[in-house]
Amino acid sequence: MEMKRLSVSLVVVLFLVLVLQILSAVDYDPYRILGVSRTASQTDIKKAYKKLAREWHPDKNKNPGAADKFIQISKAYELLSNEEKRLNFDRYGDVGENQGYPQQQHRQHRPFHYSHESFYFDDSFFHFPFNSDRRDSSDEKYLLHFSHYVNEIVPDSFKKPYLIKIISDWCFSCIHIEPVWKEVVQELEGLGVGIGVVHAGYERRLAHHLGAHSTPSILGLINGKITFFHNAVVRENLRQFVENLLPANLVERITDKNYFRFLSNWRKENKPHVLLFDHMPLAPLLYKLTAFAYRDFLSFGYVYVGLRGTEELSSQYNINVYTPTMMVFKEHIDKPADVIQARGMKKQLIDDFLSQNKFLMVSRLTSQKLLEELCPARKSHRQRKYCVILITSEEGKSAGTYDAFLAFALANTKDTLRFAHIYSNRQWEFTHVLQMDDEKFQGKSAVVILERRNNAGRVAYKFLENPWSGSEEDNFFLLDLLDQLRTNPGLLSSDTFLPNLNDELAPVSIVVVVPIGSGVCVFFLRWIYSAVDYISDCWDSLFHSNWREMMPLLSLIFSALFILFGTVIVQAFSDSGDERDSPPAKKDENPPKSEKNDTGFTKDNRIPKKGFVEVTELTDITYMSNLVRLRPGHINVVLILSNPTRTPLLQKFAMEVYTFTGSNCLHFSFLNLDKHREWLEYVLEFAQDAAPIPNQYDKHFLERDYTGYVLALNGHKKYFCLFKPQKLEDDGDILGGSCEDSDLGEVRGKASSCSPHARLVKNKLSKLSLWMERLLEGSLQRFYIPSWPALD
């Protein structure tokens, strides 16, 4: 009977929801709300919106329904002002998933869906577009296929990180994270982060290759390495996840102390150095992504202009502290080679700026990759680029020939010319092919002009007739030869094939020489590696491709394991039953406890952690960990005391809160009023109703007694609850009371006191346990504070 009633109720609820959906869909018409026709222009729509907004604004219109009407007007204008959303509404009655309104049904525009292959309710029903054909098409341009991922995405991940989402059909969680995903994609894609979407139903091989066996899944890809995202899908977490993917040493923090060392490293690293001056404490994510993309060509540093210790650097280069400034330094560190300043730098602006300053004025050829970037191969007869290379030795560079060549390069900078130098002793094979053991160049520097004809190493070149010494005559001959090349490229009469350059800056590898007699060991190790690779491939193919065929075998294996472990567990329980049948050993009776302690232990089933209460003093050292950085959900209960009332108040405080020490979320501290009165006065200003603060010009301002106050501080949510002690009454009952359980009141080895004054002070906290009960129930008034003040 009950099941029948439940089914009837469910049918009624579904029917009412469907009726409300249809009624709300019929009622909503943005054109009718704004009072414009369907052919109205954007100008007419904007005028109608401004007129209605002034009329129905809640600050001017006191009608009770003005606020709702104003919201409808704003939503209607938001829809019709967007051409794409307006077009969708005119065609299908679709107002968009973020509008908060149901879809409008227009039979003349949207026919009833009856197709057998896409059997589903209409999208307006509960707004759940489960079918992939009806899902928002914003992810279509990011869809990845296996070959596309392997051949393009993975190599490109060495230049920029990728954020990839794995989805499937009939995925509720995929729909829930969609709005956050769209917002994050729009932001990160503009910063240079690659975006990808994998449909696990269509690209099952790629989903298994990525290791995503559930949907939705979000992962990051950088340098070919995959990292999964495991936090809540919110904008801040996804942005931080992308930032954590980047290497930690991409951008160096620069101050007045280390900027000279940073800029002087251009000789060692053979790169220009880039400095960004900004007023943000941390380097922006856009700057880190740019540093990752250009890390092979440039070194990056960040200067926080608001930090003490950067004044000299800012004044030396005349930095505008209110506008982000980017500088590129090459061979001369006292003056930047190029500068840009712009509010809100965009990625395109930064890329254009850095692509023009990727190389030094006279870079040293240290690798084949640098040679191909600096001197690209000729693509056509109209796009000729010549490389002027100084061949010298490390000793010759210090003799002044390099400085003269650098001065010539600075004076003759052109788009068709690139200048470089090379050490003959480090690239002997390269220079030997060019010089052909010419005796007049032995031990001397030489200048060669070459043009790369193709990527196979073929070049056309010509040497200056005499060795390079840097004299005015050498400059004149080199300039004259470059001028003749403009009209007569045939001057490069020599032709040869150059070998690849050695990578001078590559990390040093250790070469292990294996004796001839150990060939058997090497063969055995290779066989083991091959076997491991073969087993891993079989494992992947079995459990990723043919898992359905493996289900009977897996079922048999798990059944055998279940029977085996079940037998062990039954045997263990039978052994424990035999032990229970044996007579228990006699134990000593526990010593009797006082009535107060029995009540404390049974109340709310709280069992204290220790035999005493651990109360720490709140000082400038423990302030950050005990309050400001307190974990969410944790509360610090702070007792206010002074030097004279320290011992009795701590004893009474320990007795009152002893039964609450079983909670891991409660911490207990005390604050010395004689040291930190200003901090307490500032905090209590936000609880004026509960603890009014006297005027500071009042003569009794410093006489107010706050001893016995207790504050429950929530450092994460920035609020506190206040306990005010009852007024002291020096009557016979109070003075005649007995000392209570000083053993529980022991705090940090302090001795208890049973004097009349101590009992009078203790009476301030007589109702603290009831207040603690209300604190745990959450029924106390909370006083919020903008930020916690510093504790001097």
Side-chain angles (χ1 to χ4, degrees), residues 136-146 148-167 174 177-200 203 206-207 209-212 215-251 274 276 278 280 282-300 302 324 326 342 344-355 358:
D136 190 2
S137 59
S138 60
D139 289 340
E140 290 184 358
K141 64 178 180 179
Y142 304 116
L143 288 176
L144 301 180
H145 306 285
F146 186 82
H148 179 220
Y149 170 81
V150 174
N151 298 326
E152 297 183 19
I153 301 301
V154 173
D156 198 37
S157 67
F158 289 85
K159 299 179 181 179
K160 63 180 180 180
Y162 273 82
L163 192 65
I164 302 176
K165 179 181 66 169
I166 292 89
I167 60 174
C174 298
I177 68 173
E178 192 67 23
V180 179
W181 173 261
K182 286 185 178 181
E183 181 184 359
V184 172
V185 166
Q186 185 178 3
E187 177 187 1
L188 295 183
E189 191 177 19
L191 299 179
V193 179
I195 305 297
V197 177
V198 178
H199 196 291
E203 290 294 331
L206 177 56
H209 177 78
L210 296 174
T215 55
S217 296
I218 297 178
L219 55 90
L221 176 67
I222 188 171
N223 290 333
K225 180 181 178 182
I226 296 173
T227 304
F228 276 86
F229 175 77
H230 297 292
N231 296 328
V233 183
V234 295
R235 174 181 172 274
E236 292 77 12
N237 290 348
L238 287 172
R239 183 185 176 93
Q240 187 63 40
F241 172 70
V242 172
E243 191 166 356
N244 292 338
L245 291 176
L246 300 172
N249 57 349
L250 279 175
V251 180
V274 183
L276 175 65
D278 203 349
M280 303 296 292
L282 299 176
L285 178 58
L286 174 60
Y287 192 58
K288 293 182 179 180
L289 292 169
T290 304
F292 179 76
Y294 290 90
R295 65 189 185 280
D296 293 336
F297 305 98
L298 301 165
S299 295
F300 292 83
Y302 180 73
M326 184 176 291
M345 288 189 183
K346 302 298 181 181
K347 181 179 183 301
Q348 186 62 40
L349 176 63
I350 296 178
D351 288 343
D352 294 342
F353 175 72
L354 295 181
S355 60
K358 289 171 56 177

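None of these values were measured; they are calculated from a predicted model.
To the nearest 0.5 Å, atoms OH (Tyr294) and CD1 (Ile350) are separated by 9.5 Å. Here OG1 of Thr290 is found 12.5 Å from CZ of Arg295. Values are rounded to the nearest 0.5 Å. Glu178 CD to Glu183 CD: the interatomic distance, rounded to the nearest 0.5 Å, is 12.5 Å. Distance check, rounded to the nearest 0.5 Å: CG of Leu289 to CG of Leu188 gives 8.0 Å. One distance of note links CG of Leu245 with OG1 of Thr227; it measures 5.5 Å at 0.5 Å rounding. Between the CD atom of Glu203 and the CD1 atom of Ile166 there is a distance of 11.5 Å, given to the nearest 0.5 Å.
Residues Tyr302 and Asp278 meet the side-chain proximity criterion, which asks for heavy atoms closer than 4.5 Å. Put simply, the side chain of Ile167 does not reach to within 4.5 Å of the side chain of Thr215, judged on heavy atoms. For the pair Leu210 and Leu221, the minimum side-chain heavy-atom distance is 4.5 Å or more. The shortest distance between side-chain heavy atoms of Met326 and Leu354 falls below 4.5 Å.
Residue pairs meeting the salt bridge (charged side-chain N to carboxylate O under 4.0 Å, His left out) criterion with at least one partner in residues 223-233, sequence neighbours excluded, do not occur; the list is empty. A ring pair (Phe, Tyr, Trp, His ring centres under 6.0 Å) check over residues 216-239, counting only residues at least two apart or in different chains, returns the pairs Phe229-Phe241.
For Glu189, the side-chain contact (heavy atoms from CB on, under 4.5 Å) partners two or more places apart in sequence, or in a different chain, are Tyr142, Val185, Ile195. Qualifying side-chain contact (heavy atoms from CB on, under 4.5 Å) partners for Pro216, counting only residues two or more places apart in sequence or in other chains: Cys171, Ser173, Cys174, Ile177. Taking the side-chain hydrogen bond (donor to acceptor under 3.5 Å, both in side chains) definition, one finds that Glu152 meets it with His148, sequence neighbours left out. Glu187 is linked by a salt bridge (Lys or Arg N to Asp or Glu O under 4.0 Å) to Arg235, Arg239, counting only residues two or more places apart in sequence or in another chain. Applying the side-chain hydrogen bond (donor to acceptor under 3.5 Å, both in side chains) test to Asp296 and every residue at least two apart in sequence or in another chain returns Lys369. In this view, Asp351 and Lys347 satisfy the salt bridge (Lys or Arg N to Asp or Glu O under 4.0 Å) rule, not counting sequence neighbours. Listed by chain and residue number, His209 satisfy the ring-ring contact (aromatic ring centres under 6.0 Å, His included) test with Tyr149 (two or more places apart in sequence, or in another chain). When the side-chain contact (heavy atoms from CB on, under 4.5 Å) test is applied to Gln240, the partners found at least two apart in sequence or on another chain are Glu243, Asn244. Residues passing the side-chain contact (heavy atoms from CB on, under 4.5 Å) test with Val150 are Phe146, sequence neighbours excluded.
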Apply the test side-chain contact (heavy atoms from CB on, under 4.5 Å) to residues Val233 and Val184: give CA-CA distance (whole Å), side-chain angles for both, the deciding distance (0.1 Å), then the verdict. CA-CA 10 Å; Val233 183; Val184 172; over 6 Å; no
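Taking all atoms of both residues into account, the shortest heavy-atom contact from Ala342 to Leu349 is CB-CD2, 3.9 Å. Heavy-atom minimum distance, Lys288 versus Leu246: CB-CD1, 3.7 Å. Scanning both residues, Val198 and Ala207, for their nearest heavy atoms gives CG1-N, 4.3 Å. Across all non-hydrogen atoms, the minimal contact from Ala232 to Asn237 is O-ND2, 3.0 Å. Heavy atoms only, all atoms of each residue included: Val274 and Tyr287 are closest at O-OH, 3.5 Å.
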Show every donor-acceptor pair shorter than 3.5 Å between a side-chain atom in residues 155-164 and any protein atom, with sequence neighbours excluded, or say none if there are none.
{"residue": "Asp156", "atom": "OD2", "partner": "Tyr162", "partner atom": "OH", "Å": "2.6"}
{"residue": "Ser157", "atom": "OG", "partner": "Val154", "partner atom": "O", "Å": "2.5"}
{"residue": "Ser157", "atom": "OG", "partner": "Gly224", "partner atom": "N", "Å": "3.0"}

